[in-house]
Amino acid sequence: MTDINRTTVRIPTPSGFDIEAWFYLPEGQGPFPAVVMGHGLGAVKVGGLASFADRFCREGCAAVVIDYRQWGGSEGQSPRDELNVPRQRADYGAAIGWAAAQPSIDENRIFVWGTSFAGMHATALAATDHRLAGAIAQCPLVDGLAGSRLVRPSRSLALFATAIIDRLGSLLGRAPIYLPVNVAPGEWGIADTADALFGKQVMKPREPVDWHNRMAARSLLSIPAHRPVRHARDINIPILLIVAEHDTQAPVESALAVADRAPQAELHRSKGGHYDVYDGGIAFDDVIEWEVEFLRRHARSQPSGPSTRSGE
């Protein structure tokens with residue numbers, strides 16, 4: 001097995017704040033195809049994304065793995081750990097532009113990859129960013145309004161009220177109210193589903209980083225209005241959608257609607273639940289093979305060294 005060439009880079013954004021990214025570069029002669037990758041809700045790049053990026057790199061694809069502004073190793077205005085959909089999508093765009101400017105990357109073979117909440121960004125960008133050659137979205141939240149309806153009404157009302165109070169407090173300069181993201185069933189937090197603690201485990205950073213399994217409550221107000229499922233017919237590039245058989249975090253029907261409407265969509269149903277697509281989940285080996293096969297066909301990637309299946 002060859003060593004992976006991973007460096008940490010800083011990517012400027014128009015805001016003046018840089019985002020931190022891992023840049024994976026395969027062995028051999030470029031320019032290479034590239035995959036721009038982002039993390040899900042309340043997570044950071046150190047929490048589970050390396051397993052995917054490592055494999056893509058061994059298959060001959062460069063990878064650019066980002067932390068959004070205000071998260072992980074990236075800069076950003078205060079407060080930390082605040083989700084803002086337009087800002088995160090702009091950070092994806094900045095990373096795509098940075099990748100396209102690298103002489104080692106083929107600007108005509110840039111793909112976007114998103115997991116969970118980042119699947120929302122990947123789906124939206126697939127419909128709007130004409131620099132992209134393709135997209136991968138795994139267990140994607142493609143309808144923020146439908147996603148908010150997955151939360152039982154009593155908890156949803158309490159979360160919404162807390163978000164409003166936090167937003168009003170921000171206008172007065174008050175510190176944010178932070179909500180735990182993944183909690184045990186019945187505990188106070190954003191997600192208390194039966195698999196939430198397993199999700200916390202698979203997203204736990206493997207390297208030292210600023211991560212607290214929390215999110216500013218005001219962030220929840222940014223989600224319901226974003227519904228890229230409505231623009232699925234505008235996706236004119238290949239998009240691979242991996243939809244779990246049993247997903248308690250992202251509405252399955254909405255993701256299947258994207259697969260049905262996008263002209264070049266490819267669909268795989270993964271075993272288990274929302275978090276089983278990650279390294280440590282029962283579907284990970286299948287998922288990584290599907291994604292690699294998709295890239296081989298559409299990015300024309302070639303292994304840069306001895307290719308190994310997950311777990312070998």
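Everything quoted here is computed from the prediction, not taken from an experiment.
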If you look at every heavy atom in [X] and [Y], which pair is closest and at what distance?
X	Y	result
R261	V229	NH1-O, 3.3 Å
A122	A135	O-CB, 4.2 Å
E289	R55	OE2-NH1, 2.8 Å
P140	G119	CB-CA, 3.7 Å
L220	A163	CB-CB, 4.2 Å
Y278	S116	OH-CB, 3.9 Å

Does a side-chain heavy-atom distance below 4.5 Å link [X] with [Y]?
X	Y	value
P205	V44	yes
Q77	F17	yes
Q249	L141	no
P176	E82	no
T8	W22	yes
D192	R152	yes
H274	F198	no
S148	L145	yes

Inset, instruction - Sequence neighbours left out, what passes side-chain contact (heavy atoms from CB on, under 4.5 Å) with H212? Give chain and number order. - result: D81, D210, R214
For the pair [X] (side chain) and [Y] (backbone), establish whether a donor and an acceptor sit closer than 3.5 Å, ignoring hydrogens and angles.
X	Y	value
S74	Q70	no
D67	K45	yes
T115	H39	no

Inset, instruction - With side-chain contact (heavy atoms from CB on, under 4.5 Å) as the test, would you mind laying out the steps for Y92 and V36 before giving the verdict? - result: CA-CA 7 Å; Y92 256 110; V36 177; 4.0 Å; yes
Legend entry - Test side-chain contact (heavy atoms from CB on, under 4.5 Å) applied to L241 and V258, L256, I136, the passing residue: V258
Rounded to the nearest 0.5 Å, what separates atom [atom1] in [X] from atom [atom2] in [Y]?
X	Y	atom1	atom2	answer
L25	I105	CG	CD1	7.5 Å
R131	I96	CZ	CD1	5.0 Å
T193	N182	OG1	CG	7.0 Å

Inset, instruction - Show the numbers, then the answer: is there a salt bridge (charged side-chain N to carboxylate O under 4.0 Å, His left out) between E20 and R10? - result: CA-CA 5 Å; E20 183 181 279; R10 312 293 297 188; 3.0 Å; yes
Legend entry - Salt bridge present between E187 and K200 (N-O < 4.0 angstrom): no
Legend entry - Side-chain donor-acceptor pair present, E293, H268, cut-off under 3.5 Å: no
Inset, instruction - For F52, check ring-ring contact (aromatic ring centres under 6.0 Å, His included) against everything at least two apart and list the hits. - result: W113, F284
